[in-house]
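One structure is given below, encoded as structure tokens.
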Amino acid sequence: MKSFILILSLTLVAPVVADAQLKLREQNLPNPDNEPAPVHPVPHPRQLKWQETEFYAFFHYGMNTYTGREWGYGNEDPRLFAPTAQPDPRQWLEVAARAGMRGGIAVVKHHDGFCLWPTGTTEHNITASGNEYGRAVNIPADFAAAAGDLGMKYGFYVSPWDRNSEYYGSDRYVREVFLRQCAELAEYGDDQFEMWFDGANGGNGFYGGRNDVVSVDRNTYYDIPNLRDSIHRVCPDCVMWGLGGESRWIGNEAGWAGQSNWSTENRGCAPEGNGMYGSEDGWIWFPGESDAKATDRGWFYHDGERVLSPERLFRMYLETVGRNSTLILNLPPDRSGRLPEATADSLAALGDLLKSRFGNDLALKARVCADSERKPGRHRNYKAGNVTDGSKDTYWATDDSIEKAVLTLSWRQTQKVHYVELMEYIPKGQRVKKFRIEVSADGRTWERVAENVETSTIGYKRIIPLNGSTSDSYGKGYDVRKLRVVIVDSKACPLISKLSVY
Amino acid sequence: MDLRYIIASVLVSVPALLSAQTSVSFDVEDFTGIGVYDSWEESPFRTGVLAGNAAVISNFLCDEINPSSGILAVQRSRYGSNTFGVCVGLKETFELTPQVKYVNLMVHRPYGGRVMVIGLGKRRDRKTQPETTEQFWAMSRTDIPADSWQWLSLPVKGNGGIDIYSLVVVPDCESPHGYAEDAVCYIDNISVTDVPMGEVMKKAAALGHAPGQCVVNTANRNGEVLSSDGVTLDNHQVPEGTPFEVRAVPAPGFFCSGVVVRSAGGQVCLDVREDGICLIPAEAMKGNVFVEGVFVEER
């Protein structure tokens, strides 16, 4: 923003200049590295870091854990929050790490308004809870500390809707409660990667005893542009989800994204239901996050709940992370403040599946070539081999005029292959609109695979099960000597940073 | 298709439409500064590698639609992003409120496509906040034709207590990666009003129209309103005092909850049939007729 002042001061003009027309000023940017022009919009650096988190956990824990509800009314006696043991956020994150997740978001205030930290904004918080375990815990502090120890990313869910606050619906709530709570949470660490703002918003509630129905316009009530400005001053890498306007809801809670999924969206115009797909002509980078449950009941812990099988969770992974979305998978701690053993076991098995299926990248043993390579610059080349060099900063590219191209992997010996993973170099925008995958068993004749899969967008990451099934994706595999990715259509020259084969 | 209700013409009169809170004509020095702005943080115009090129010039594109003497010209650089535009410092700041206001303006550029206005400002209660904090982004939902003066009226709203100090007009809200060269875009007659297109009515009224005819215009967000036979309602002339059929076409994910018609005959709010057709009654077809579809997000 600061540069505007400078720009403005440099270009102040007289009210009306004498010239009848504005003369075009010759403008050229040196491009010694022959870099492709960005396709706008492009992600902010904090969105890039966020997207690299890929797979992380959601921990719904709070008053509802003890009342058995999903949306508390806001009139709950704080003493009902009475953990049967010391809540252990470190164990939550350890389970997540075992599953291959890179971070987690802890719910620290749900719609019932009960705060899991000693906030100055309301007495409805853990200091008034029903036992010493409750009074001793500070979830944001403990969660942030555990994440730091484990080298994981962390962030918090704080519900804008507060059914407890007597001020909800007034400006006073936003100024003195909600924004202050966000500011307090920001103080728990300037390296937070995401703050989660639920879209559920307004309706009936306790509201300090008013027992009223409150309706607010969420587009204006929470003053999101200035909340975002405030949070970014303290936590520069914190992406604000949902209402925050920096990453979008994927449009369902079932753990899938559209096969065609653009990270660009017409924020402010597009309906939430378009979240599965994004918009090819979106004006802003607004990537999707899929929130889904690893258990079969609610977001909070409920007696008798069962955790989904590792295969089901693996499918969810394919249909979200494998479709240019991040996956935030909910793991609800029980009344002891720990994740149940069954949850830990299933998540560990998921981690094993991910390692076994994606742990051996056969592309690293292949010869890589392309039918077209961009002319190299002084310090940068765009060779096909860049897709297997392990660096996220390099990529294969074609010349500007070439939007169709073929990338081929060849092996000396026949390989059994099940999945192809592709990544675009998104700092310069999402480009690919259509592609296909073909394999060759003999090195001469080609067969198209995954024909029933909508091989359209790639984005940050796309994983294609070669048998075309996400429910039974591993299958028997294909015996191949060669595999090629044929890019059929792209907004501009394609930039591929990674090609993996498993 | 039933007439739901009619608000007496005195409720919405032309003088009310003309009471712009903020107005920049570029005919006089009614702005505090002109510059370029790009939301993209790595823009060469933010890093200082390139300097913008914008100025107020004589209106060499003067015509019946825009006869003003001065207009704003900006070089649309192929190195700027899809949110690169010209920033106009406002002499008269305005407050963003939860109630919708409209930013009205004219554009004339060599590109078709979408146009955006970004509001820069700050909260009154945050003394240290820069006046250049982005506060709203309002984009035309439909393509704005190229090579002629076009009116836009974009709805904006926000939390109260926010003052807007400058407006960035993005005349070409598309990625320029395929552009081989830069071009000049022109902007004029920026105003902020409580009702849409007040200036359109003023200008159209000044223009006049053929006897026995009325002039129909629309401005919509999240959809468009066409004549029932699919003609764009851009200074569309039809017989005065004759019922006129229009068709509301919502954007995907939206539905049309009604059509508002403002004219010399007053303001009417009309229902829309399931097929999007709406009949404007004869009494509303008088003088300059402004038709606005109310498109609401499906939930």
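In what follows, chains carry the letters A, B, and so on, assigned in the order in which the sequence lines appear, proteins first and then strands, with residues in each chain numbered from 1. This is a predicted model, so every value here is computed, not measured.
The part of A:D217 that comes within reach of chain B is its side chain, from C-beta onward, which places non-hydrogen atoms under 4.5 angstrom from that chain. Neither the backbone nor the side chain of A:P36 comes within less than 4.5 Å of any heavy atom of chain B. When heavy atoms are compared at a cutoff of 4.5 Å, B:L96 does not approach chain A at all. Contact of A:N226 with chain B is made through backbone and side chain together, with heavy-atom distances under 4.5 Å. Of the two parts of A:D281, the backbone and the side chain both hold a non-hydrogen atom closer than 4.5 Å to a non-hydrogen atom of chain B. With a 4.5 angstrom heavy-atom cutoff, B:E174 does not touch chain A via any of its atoms. Looking at B:T83, only its side chain comes within 4.5 Å of chain A, counting heavy atoms on both sides.
Each of B:H177, B:R78, B:E181 has some count of heavy-atom pairs under 4.5 Å with chain A, and the biggest count is that of B:H177. Contact count against chain B (heavy-atom pairs under 4.5 Å) is highest for A:P41 among A:A492, A:P45, A:P41. Ranked by heavy-atom pairs under 4.5 Å with chain B, the list A:V39, A:L29, A:D229, A:I224 is led by A:L29. Ranked by heavy-atom pairs under 4.5 Å with chain A, the list B:G161, B:S39, B:P98, B:S175 is led by B:S175. Ranked by non-hydrogen atom pairs under 4.5 Å with chain B, the options A:V42, A:D171, A:N266 are led by A:N266.
For B:F60 and B:Y186, the gap between ring centers is short of 6.0 Å. Annotation: A:Y167 is not in aromatic contact with A:Y173 [ring centroid separation under 6.0 Å not met]. With ring centers used as reference points, B:Y111 lies under 6.0 Å from B:Y179. In this structure, A:Y221 has its ring center under 6.0 Å from that of A:Y168. Centroid-to-centroid, the aromatic rings of A:W285 and A:W262 stay 6.0 Å apart or farther.
In plain terms, the two heavy atoms of B:D38 and B:S81 that are nearest each other are OD1-OG, 2.6 Å. A:T264 and A:E280 make their closest contact through OG1-O, 3.8 Å (heavy atoms, listed as atom of the first residue, atom of the second, distance).
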Task: Audit row: B:D30, B:S25, side-chain hydrogen bond (donor to acceptor under 3.5 Å, both in side chains) steps and yes/no - done: CA-CA 7 Å; B:D30 49 6; B:S25 68; 2.8 Å; yes
